[in-house]
Amino acid sequence: MAEGSIDKTSQDLAKKAEEKGISTAYKRREQMKACPIGAQGMCCKHCNMGPCRITPKNPTGICGATGDTIAARNFARMVAAGTAAHSDHSREVALTLLHAARGEAKDYEVKDEKKLAKVATDFGIETRGKETNKLAEEVAQAALTQFTQQEGELAFIKRAPKKRQEIWKKLGIIPRGIDREIVELIHRTTIGVDQDMESLILSSMRTSLANGWGSSMLATDIQDILFGTPKPLKSKVNLGVLKDDQVNIVVHGHNPLLSDMVATISEEKDMIEKAKKKGAKGINLAGICCTANEILMRRGVPIAGHFQQQELAITTGAVDAMVVDVQCVMNSLPDVAKCFHTEVITTAPQAEIRGATHIPFDEHKAKDIARQIVEKAINNYSNRKDVNIPKDSTDLVAGFSHEAINYMLGGSFRSSYRPLNDNIMNGRIQGVAGVVGCNLPVENPDEMHVELVKELIGNDVLVIQSGCSAIACAKHGLLTPEAASKYAGPGLKEVCEAVGIPPVLHTGACVDNSRILIEAASIVKEGGLGEDISDVPAAGACPEWMSEKAIAIGQYFVASGVYTVFSPEIQIQGSPNLEKFLFQEVEKLTGGKWDVALTSKDIAAKMIDHIKKKRKALGIDKEKERVLYDMAMRRELEV
Ligand code: SF4
Ligand code: MSK
């Protein structure tokens with residue numbers, strides 16, 4: 001990590017870790033030389049005639065597969081893997097809703113009946129006169145059918161604007177069932193099956209839509225039902241949220257089934273008393289990565305850090321237990337923990353790490369297991385040795401679900417996106433940007449996220465964020481209402497100050513990128529900004545993408561009509577044909593397209609250019625009287 005990095009907290013801790021001979025991702029990245037063939041998407045090991053490395057000298061694999069086929073297959077497999085990750089998570093929350101409704105998972109209950117009724121209606125389930133648990137059982141069963149159904153269309157496809165649905169229909173990419181699309185895509189990419197680059201990419205779009213408008217959307221909705229739909233709230237972020245006089249439990253991973261329960265148990269009087277008996281003043285819960293976002297959004301639990309801070313959190317010597325479930329958990333954690341007292345506890349039946357303590361989570365005994373975990377942390381408090389908690393923590397405001405945005409903009413009697421659309425049309429807000437994504441062990445951590453977002457809001461673009469990108473920006477004060485007066489352009493600043501919102505709205509975890517889809521669809525439904533998502537002056541970005549999930553998310557945004565810029569490169573450079581297809585030609589099919597840029601300035605410039613292009617196409621690039629939509633016109637655009 002470079003001296004003078006904007007993330008001073010991480011820089012200091014990484015340096016100290018290195019001095020102590022502790023290996024972190026920052027160090028390992030310096031030592032690792034990326035495979036140039038793999039980086040270009042030109043390595044295939046799909047059969048045992050290979051592995052084949054495609055180079056100018058060897059332009060095809062032994063089976064004759066071209067670089068285009070191999071790059072497309074590798075890309076498609078990333079989409080399948082990313083979709084599988086979100087789907088397995090989603091299935092688990094759907095099963096928990098089912099078990100809770102039947103009284104078998106007694107520690108969970110329906111917390112948001114309004115959301116339950118909304119989801120039931122979208123599934124076509126009659127809600128009138130039904131007792132809550134009966135309705136929840138029917139909703140859970142309908143949700144689970146989305147995974148296993150073999151024919152037809154996923155239910156939430158209907159939430160997209162009509163025109164978008166027609167585009168998907170014409171392209172033949174409406175997902176039939178979540179599991180089917182993942183399985184079919186993996187099948188297509190095995191040796192001797194689908195060898196046509198475009199066919200593979202379209203098929204991967206169908207799978208990605210089964211993620212965005214399927215499993216991720218189901219996860220978001222069911223989590224809202226079980227844990228409550230987020231509303232704006234204040235909290236803090238960065239490693240300074242750890243406390244030297246309290247038992248620190250850090251939850252890390254993705255699934256709130258565990259983290260929400262650990263949050264409940266750490267507030268229990270008994271547990272706090274036990275902590276006090278061990279000499280601590282109380283129990284302090286904090287989060288890392290997306291499960292942190294889940295409990296931040298609904299409970300205001302502070303965030304210790306993002307993906308690249310998981311090892312650094314342990315090096316503070318103050319984490320008594322790091323409790324992990326699935327996804328984005330580094331294999332190295334038990335090794336880092338060996339140098340401190342931290343107990344790394346794995347909990348997911350599908351994710352164990354050698355060297356960690358495994359306490360399998362079971363939603364039927366959720367509180368008991370959470371108690372066992374919290375007690376382990378309490379008992380470990382007295383084993384702390386060298387404690388070095390950085391001072392830094394920053395205020396933030398989070399909790400901007402689609403429902404919260406609707407309410408903030410329109411109030412409880414007339415919740416609507418009308419004020420947002422009006423402000424986009426009158427040019428105070430130039431457009432909307434979704435900035436999502438992960439973190440890489442780069443020289444200057446957070447810099448790309450922060451500078452990109454500053455550039456966007458400075459140009460009057462409202463930013464919606466999720467995942468670790470939101471955490472990076474929160475650390476630098478961008479998720480506060482005050483950021484509007486400091487960094488936003490005059491129009492956006494005026495709107496933010498009038499409504500009392502930050503210029504950067506935190507919408508949740510990776511699965512909650514589905515909220516951004518709903519927000520985009522709601523803008524279309526509100527009227528005046530075109531008939532489809534691709535008409536809206538909007539763009540997406542994924543700086544420092546890391547996980548295969550990011551590629552799956554990028555693909556569903558592109559398939560939904562969004563211009564989406566990734567950074568760094570997306571491992572397809574070995575195939576100029578595939579680059580041309582994804583970066584240019586696909587726009588004629590879906591209205592969205594991929595792009596890559598290597599600096600925050602270039603990403604922002606590309607997004608702003610695109611937003612300007614869309615404003616021009618809508619005729620709102622200059623002062624113009626707006627068209628007021630009447631009810632009949634809105635019904636036409638029903639989303
Ligand atoms: Fe090589 Fe073809 Fe086998 Fe891939 S599928 S490893 S390109 S022979
Ligand atoms: S946790 S997928 S590093 S956002 Fe969702 Fe963060 Fe990316 Fe993991």
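Indexing begins at 1, ligand by ligand and atom by atom, following the structure's order.
The shortest heavy-atom contact between Gly212 and Ser514 is O-CB, 3.6 Å. Contact record, Ala210 with Ile178: O-CG1, 3.8 Å, taken as the closest heavy-atom pair.
Taking a 6.0 Å sphere around CZ of Arg299, one finds it holds more than 12 heavy atoms contributed by other residues, nucleotides or ligands.
Within ligand 2, the atoms closer than 4.0 Å to a non-hydrogen atom of Gly437 are 4 (S), numbered from 1 in the order shown. Counting atoms of ligand 1 from 1 in the listed order, those under 4.0 Å from a heavy atom of Arg73 are 4 (Fe), 5 (S).
Two rings, from Trp594 and Phe75, have their centers less than 6.0 Å apart.
Less than 2.8 Å away from atom 3 (Fe) of ligand 1, the protein contributes these N/O/S atoms: Cys47 SG.
Considering only heavy atoms from C-beta on, Arg515 comes within 4.5 Å of Asp512 through its side chain. Counting only heavy atoms from C-beta outward, the side chains of Asp260 and Glu294 never approach each other to under 4.5 Å.
Salt-bridge check for Glu181 with Arg188: failed, with every basic side-chain N at 4.0 Å or more from each acidic carboxylate O. With respect to the salt-bridge test (charged N to carboxylate O, under 4.0 angstrom), the residues Arg298 and Asp224 qualify.
For Asp595, the side-chain contact (heavy atoms from CB on, under 4.5 Å) partners two or more places apart in sequence, or in a different chain, are Tyr563, Val565, Lys606. Partners of Met297 according to the side-chain contact (heavy atoms from CB on, under 4.5 Å) rule, which considers only residues two or more places apart in sequence or in another chain, are Pro230, Ala398, His506.
The number of protein N, O or S atoms lying under 2.8 Å from atom 8 (Fe) of ligand 2 is 1.
Under 4.0 angstrom from ligand 1, there are no non-hydrogen atoms of Met42.
Judged by distance alone, the side chains of Ser5 and Glu443 never bring a donor and an acceptor atom under 3.5 Å apart.
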